[in-house]
Each structure stands twice: as structure tokens, then as C-alpha cells.
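Following: one structure in C-alpha cells, then a few remarks.
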Amino acid sequence: MRLVLLGPPGAGKGTQAKLLAEDFKLPHISTGDILRVEVGLKSELGKKVAGFVRSGELVPDEIVTAVVKKRLLKEDAKGGFILDGFPRTITQAEQLNTALKKLNTPIDLVIYFQTQPQVSIKRLSGRRVCKKCGANFHLVNMPTKVFGICDFCQAELFHREDDQENTVKKRLEIYNQQTSSLIDYYTRAGKLEKVSGDLEAKQLNQILLDLFTQSNLITSDND
Ligand code: AMP
């Protein structure tokens with residue numbers, strides 16, 4: 001199964017991608033996660049993209065597409081993948097199409113998480129991320145057992161710089177200007193399915209599983 005998760009920041013794409021990746025044993029390819037790791041490592045790539053990632057601007061297409069193309073060639077992506085946060089521009093979508101055509105592995109489905117801006121803002125302003133294992137929590141929706149401490153590895157949590165309210169608003173604007181045109185693009189390609197990103201995670205996960213069954217991507221017993 002080859003999926004693209006599309007939607008504004010805070011739509012719950014990462015949460016669903018993690019659940020689906022576990023269920024279907026597929027790699028969850030989040031360009032945001034990959035870029036943040038590179039920024040943390042202060043690698044050549046990390047130094048190039050740090051300013052964009054911190055300020056919520058989009059990293060230039062050719063840089064991010066090269067990252068994805070390399071990732072898609074890894075062994076674990078041969079049986080399918082879940083792309084989260086890529087593509088974000090028409091150019092990226094076209095470059096992805098070309099790369100997948102060469103591999104003869106087209107996208108099966110693009111899932112658009114339709115989400116109200118106030119829901120995105122609430123989710124991101126309350127999101128806290130583990131410094132060590134990267135697990136996501138939320139101050140209200142998914143609090144940790146001990147305040148500020150990861151439930152899984154007991155490391156400290158932090159508030160992403162780009163999850164501060166002003167940067168979130170800017171990210172939403174950038175999404176509207178540069179990414180939302182992909183909704184039409186993938187509708188025309190006959191690949192788009194809409195779901196509500198406003199829903200709570202478990203409910204949305206069930207809707208996605210039903211959608212995969214209806215689209216014949218899985219059988220109802222989840223084989
Ligand atoms: P995310 O975790 O998906 O919200 O991404 C965090 C940041 O990484 C974004 O605000 C961008 O700076 C950068 N980024 C992630 N994916 C892309 C992409 N497909 N194109 C350009 N920049 C990206």
C-alpha cells in the first residue's frame with residue numbers, strides 16, 4: 001500500500017501515519033521528522049534546512065525531493081510506504097510522480113485530512129514532543145502520566161519552536177498558499193479521498209481502515 005497523507009499542520013497526519021505504519025508494517029516517511037533529525041545532527045543537510053524548519057517556511061523543493069527519493073529506494077519501502085508531509089507543492093508532487101513511475105510503483109491513495117484551523121491551532125499549541133524518542137503528547141488530549149516527562153522513555157518533553165502560536169499561523173498560511181492546490185491536483189488524478197481531521201484519533205483510524213477496505217487496498221480481515 002502506497003499512501004500520501006495530505007492536510008494542514010495539526011491535522012493528525014503523523015498520529016494516523018504511526019498507527020497505520022504499525023498495523024501494516026509499512027515505513028512512515030515524515031519529511032518533517034527526517035529534516036528535524038538532520039537539523040539536530042547539524043549535518044550538511046541539517047545546516048541548509050535549519051532556518052526553514054525553525055521558521056515554518058518550506059524547504060526548497062529540490063532539497064526535500066532528493067531526501068524523499070533516497071528514502072524511497074531503501075529496502076523497507078519496496079513493499080509500500082506512508083508519506084506524511086510530502087508532497088507539499090505541485091512541483092514536489094510532479095517530481096514524486098516521475099520518481100514513482102520509474103519504479104513502477106504509483107501512489108494508491110491520497111488521503112486529505114480536512115481540518116478546521118482552530119482545531120490545528122489547539123492541537124499544535126498543546127503538543128509536546130519527547131526529546132529522546134520523539135513520541136508526541138498533548139497537554140489536554142493526551143497528557144503524560146508525569147507532567148513534562150515521556151511515558152515511554154522518561155526523557156523530558158519540549159514544545160517545538162515551530163508549534164508556537166505565531167509560527168503555527170504562518171504554517172497554516174503557507175499550507176493554504178502552497179499545499180492546498182494539491183487537493184485539486186490529486187482529485188483530478190482520481191486518487192483523493194477526504195476524511196475529517198477534526199475527529200479524535202481512534203475514530204479516524206477506524207474510518208481509514210474502512211476506507212482501505214472499500215478501496216480494495218486491504219481485505220476486511222486485515223490480511
Ligand atoms: P512538519 O513536521 O511536516 O510540520 O514539517 C516541519 C517543517 O519541515 C516544515 O515547516 C518545513 O519547514 C519542513 N518540511 C517538511 N516537509 C516539507 C516538504 N515536503 N516541503 C518543504 N518543507 C518541508
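Numbering of ligands and ligand atoms starts at 1, following listing order.
- Between Glu156 and Lys132 no salt bridge is recorded (no basic side-chain N to carboxylate O distance below 4.0 Å).
- Looking at ligand 1, you'll find an N or O of Gln92 within less than 3.5 Å of one of its N or O atoms.
- Atom numbering of ligand 1 starts at 1 in the shown order; those under 4.0 Å from a heavy atom of Glu57 are 11 (C), 12 (O).
- When only non-hydrogen protein atoms are considered, atom 14 (N) of ligand 1 lies nearest to Leu35 CD1, 3.6 Å.
- Residue Gly56 has at least one heavy-atom neighbour below 4.0 Å for each of these atoms of ligand 1: 10 (O).
- For atom 4 (O) of ligand 1, the closest non-hydrogen atom on the protein side is Arg171 NH2, 3.0 Å.
- Listed here is the closest heavy atom pair of Leu26 and Gly79: CD2-O, 3.6 Å.
- Taking a cut-off of under 4.0 Å to the non-hydrogen atoms of Phe52, the atoms of ligand 1 that pass are 12 (O).
- Residues Asp162 and Thr167 bring no donor and acceptor atom of their side chains to less than 3.5 Å of each other.
- Shortest contact from atom 6 (C) of ligand 1 to any protein heavy atom: Arg36 NH1, 3.4 Å.
- Not a single heavy atom of Pro87 lies less than 4.0 angstrom from ligand 1.
- Heavy-atom contacts of Leu58 reach the following atoms of ligand 1: 21 (C), 22 (N) (cutoff under 4.0 Å).
- Using a 3.5 Å distance cut-off with no hydrogens or angles, the side chains of Asp210 and Gln206 do pair a donor with an acceptor.
- Remark: ligand 1 atoms within the under-4.0 Å shell around heavy atoms of Thr31 are 15 (C), 16 (N), 17 (C), 19 (N).
- Shortest contact from atom 7 (C) of ligand 1 to any protein heavy atom: Val53 CG1, 4.2 Å.
- What sits closest to atom 22 (N) of ligand 1 on the protein, heavy atoms only, is Val59 N, 3.0 Å.
- Distance from atom 18 (C) of ligand 1 to its nearest protein heavy atom, with residue and atom name: Arg88 CD, 3.3 Å.
- Of all the heavy atoms in Phe52 and Leu58, the pair that sits closest is CD2-O, 3.3 Å.
- In this structure, Gln178 falls outside the shell of residues with a heavy atom less than 4.0 angstrom from ligand 1.
- In the model, Ser43 has a side-chain atom that pairs as donor or acceptor with a side-chain atom of Glu38 under 3.5 Å.
- Aromatic ring centres of Phe152 and Phe137: separated by under 6.0 Å.
- Judged by distance alone, the side chain of Thr31 and the main-chain N or O of Gly85 form a donor-acceptor pair under 3.5 Å.
- Ionic pairing of Lys122 and Asp198 is not present here: no N-O contact between side-chain nitrogen and carboxylate oxygen is shorter than 4.0 angstrom.
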